[in-house]
Amino acid sequence: MTVASAPLPVALRVGGRVVLGFHVYEYDGLTFGAAALIIGPPSSYVHLGVRRRLFDLVDDVCHSVFGASLPALVSLEVGLLSKIDEKVLGGKLDDGREAVTTMAVRGELRKLPFSPNHSVEAVKCAGETEWRRGDKLCWYSLSLLRPWFDAPLERTDSNRRVSDHFKNMSHNAHHAQNRLGKPAGKASGQNRPGWHAWALMGYRLLPEGAVDRAGTSIPEQGLSEVAQRERLPWDSSGGGLDRVSDGRRPSEEVSACFLAPLDAGTTAAIARRNAAARAANAAARAAVGASAANFSRHVNGRPGDVLWLLSATGPRLVLSLGKTSWGGGSEKGGLMLKTLPTTEGGSADGGLPYLLRPEELTPDECAPINHVVPFARLLDMEWCRPAPPGGIGGDAASLGSSPPAAQSRPVEAAEATG
């Protein structure tokens, strides 16, 4: 068993860097409960700070970011400050059975070993501070270090809980809806470029070669083998990703825009805002029914719309000049944006300056449509407010310091809770 104090920080890495970070608040043996997203790129903003069951949360966050999902037990890792003796990893149960659970991932049955013989003092897990600094850590699969407990147990108690877990078939509860690594009823991400699928599996594609989840460089000639093993988009006739219909290798700028997490201050503000919105929406559902509390996530991006552009360096006000393709995706997957203000001139008597029409402006940049938020929706955000001590995921109090829910405009973060 592995002992760690709650909340347990776990992460999804791409190219050796943390892209998604979570706090797991409930875990007992092979079972995981409530968790919250505490680090993520702009496309994950509606999930920040909203507590949900870990497996469901990871599915939905991955869909928001990558257009498809990968089960939490396959994608998530724990970064430790020191190494674990490999002799105690894996192994067998007391009755001689191999210590594994099985899961169908991307069309194939995969064995996920765990470590019933790992018994140490509470491990020291790295969290948001170390992730953002890019500290060198010892990374282990969340699945491999199971069973997890928040306090030391006698070996007999740990084994009993694991046995009960298998008797109750708890390890199969999530698999039925996730047979191919994506939740039932979700969009397949067919409009996403092929390199998003590589990122989901931990590979940051470069103009030549790639960097895998552990940060190891892979030469260009090795990518075909990776694609075959991981079932990723690739033209085996020699064209590589560029010859795939939705391929087109991303530039480093596009890759960074897609994967870079929001800065700590913006992340903390959005998490507080999401927590307040969830409380407001729950109250609305109780009062007038669920339909009245559902708020659309859709961003139209019509020419002339004023938007917040979320980025790793903080939010910026922009004006939409219309839709375009972005990063090799669909023709409407991005927006042409003009940084505000766009005013020019003005009369000598202090009259209003002439505001150009959208069609008269030249865009400064393009960005994914899921990186923008309507201007009015975040007017009451406290962008300059520093993150609470220890990051945003510590406890309920750290997420409840936004203005009272009744005075706040609702955002659609509560949609992530169903």
Side-chain angles (χ1 to χ4, degrees), residues 1-33 35-40 54 58 71-93 98-101 111-159 161-162 202-204 211-217 261 264 387-395:
M1 65 180 175
T2 305
V3 179
S5 57
L8 173 65
V10 298
L12 184 152
R13 294 187 297 160
V14 179
R17 303 174 189 173
V18 172
V19 173
L20 299 174
F22 302 84
H23 270 174
V24 185
Y25 298 95
E26 299 172 355
Y27 46 93
D28 182 35
L30 304 184
T31 304
F32 298 91
L37 179 70
I38 64 168
I39 286 183
L54 176 66
V58 172
L73 291 181
V74 177
S75 59
L76 297 185
E77 300 173 294
V78 180
L80 303 184
L81 302 182
S82 58
K83 289 185 177 181
I84 294 176
D85 185 354
E86 294 187 2
K87 295 179 181 178
V88 300
L89 298 179
K92 295 185 177 182
L93 300 172
E98 190 178 5
V100 298
T101 54
K111 290 185 176 182
L112 305 178
F114 59 94
S115 306
N117 299 318
H118 178 222
S119 180
V120 295
E121 295 296 325
V123 295
K124 295 182 178 180
C125 301
E128 181 179 356
T129 300
E130 292 81 6
W131 295 342
R132 289 190 180 276
R133 286 199 309 240
D135 289 2
K136 187 174 180 60
L137 302 171
C138 303
W139 289 95
Y140 296 92
S141 166
L142 173 67
S143 174
L144 179 61
L145 296 189
R146 296 174 298 166
W148 287 93
F149 298 102
D150 58 7
L153 290 176
E154 293 292 334
R155 175 67 185 271
T156 54
D157 289 337
S158 173
N159 291 343
R161 294 196 189 188
V162 171
Y203 298 93
R204 184 187 293 264
V211 180
D212 69 10
R213 189 185 303 279
T216 304
S217 296
I392 71 165
D395 52 33

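Note that the numbering runs from 1 along the sequence shown for the chain.
- Contact of the Val74 side chain with the Ser143 side chain is not registered, since no non-hydrogen atoms from C-beta on lie closer than 4.5 Å.
- Shown here are the side chain to side chain contact (heavy atoms under 4.5 Å, CB included) partners of Pro9, two or more places apart in sequence or in another chain: His23, Cys125, Trp131.
- Shown here are the side chain to side chain contact (heavy atoms under 4.5 Å, CB included) partners of Val14, two or more places apart in sequence or in another chain: Leu12, Val19, Phe66, Ala199, Arg204, Leu259.
- Atom CZ of Arg132 and atom CD of Glu130 lie 12.0 Å apart (nearest 0.5 Å).
- Pairs of residues two or more places apart, or lying in two chains, that qualify as salt bridge (Lys or Arg N to Asp or Glu O under 4.0 Å) and include a residue from residues 135-146 are Arg133-Asp135.
- Residues Val3 and Asp150 approach most closely at CG1-C, 4.2 Å, considering heavy atoms.
- Among all heavy-atom pairs drawn from Ile39 and Leu37, the shortest one is O-CD1, 3.1 Å.
- With sequence neighbours excluded, no residue forms a side chain to side chain contact (heavy atoms under 4.5 Å, CB included) with Ser82.
- We find the CG-CG distance between Leu137 and Leu81 to be 6.5 Å, quoted to the nearest 0.5 Å.
- Here the closest heavy-atom approach between residue Phe114 and residue Pro147 is recorded as CD1-CD, 4.2 Å.
- Here Glu98 pairs with Lys111 under the salt bridge (charged side-chain N to carboxylate O under 4.0 Å, His left out) rule; sequence neighbours left out.
- Scanning for ring-ring contact (aromatic ring centres under 6.0 Å, His included) contacts around Tyr27 gives an empty result, with sequence neighbours left out.
- Between Val24 and Pro7 there is no side-chain heavy-atom pair separated by less than 4.5 Å.
- Legend: salt bridge (Lys or Arg N to Asp or Glu O under 4.0 Å) pairs involving residues 1-22, not counting sequence neighbours, sorted by first then second residue: Arg13-Glu77.
- Considering only residues two or more places apart in sequence or on other chains, Asp28 meets the side chain to side chain donor-acceptor pair (under 3.5 Å) condition with Arg161.
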Give every donor-acceptor pair under 3.5 Å between a side-chain atom in residues 84-92 and any protein atom, sequence neighbours left out.
from  : atom 1 : to    : atom 2 : distance (Å)
Asp85 : OD1    : Lys87 : N      : 3.1

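- For the side-chain contact (heavy atoms from CB on, under 4.5 Å) with Phe32, the qualifying choice from Val58, Leu76, Leu54 is Leu54, the only one to do so.
- Side chain of Trp148 to backbone of Leu142: a donor-acceptor contact under 3.5 angstrom is found.
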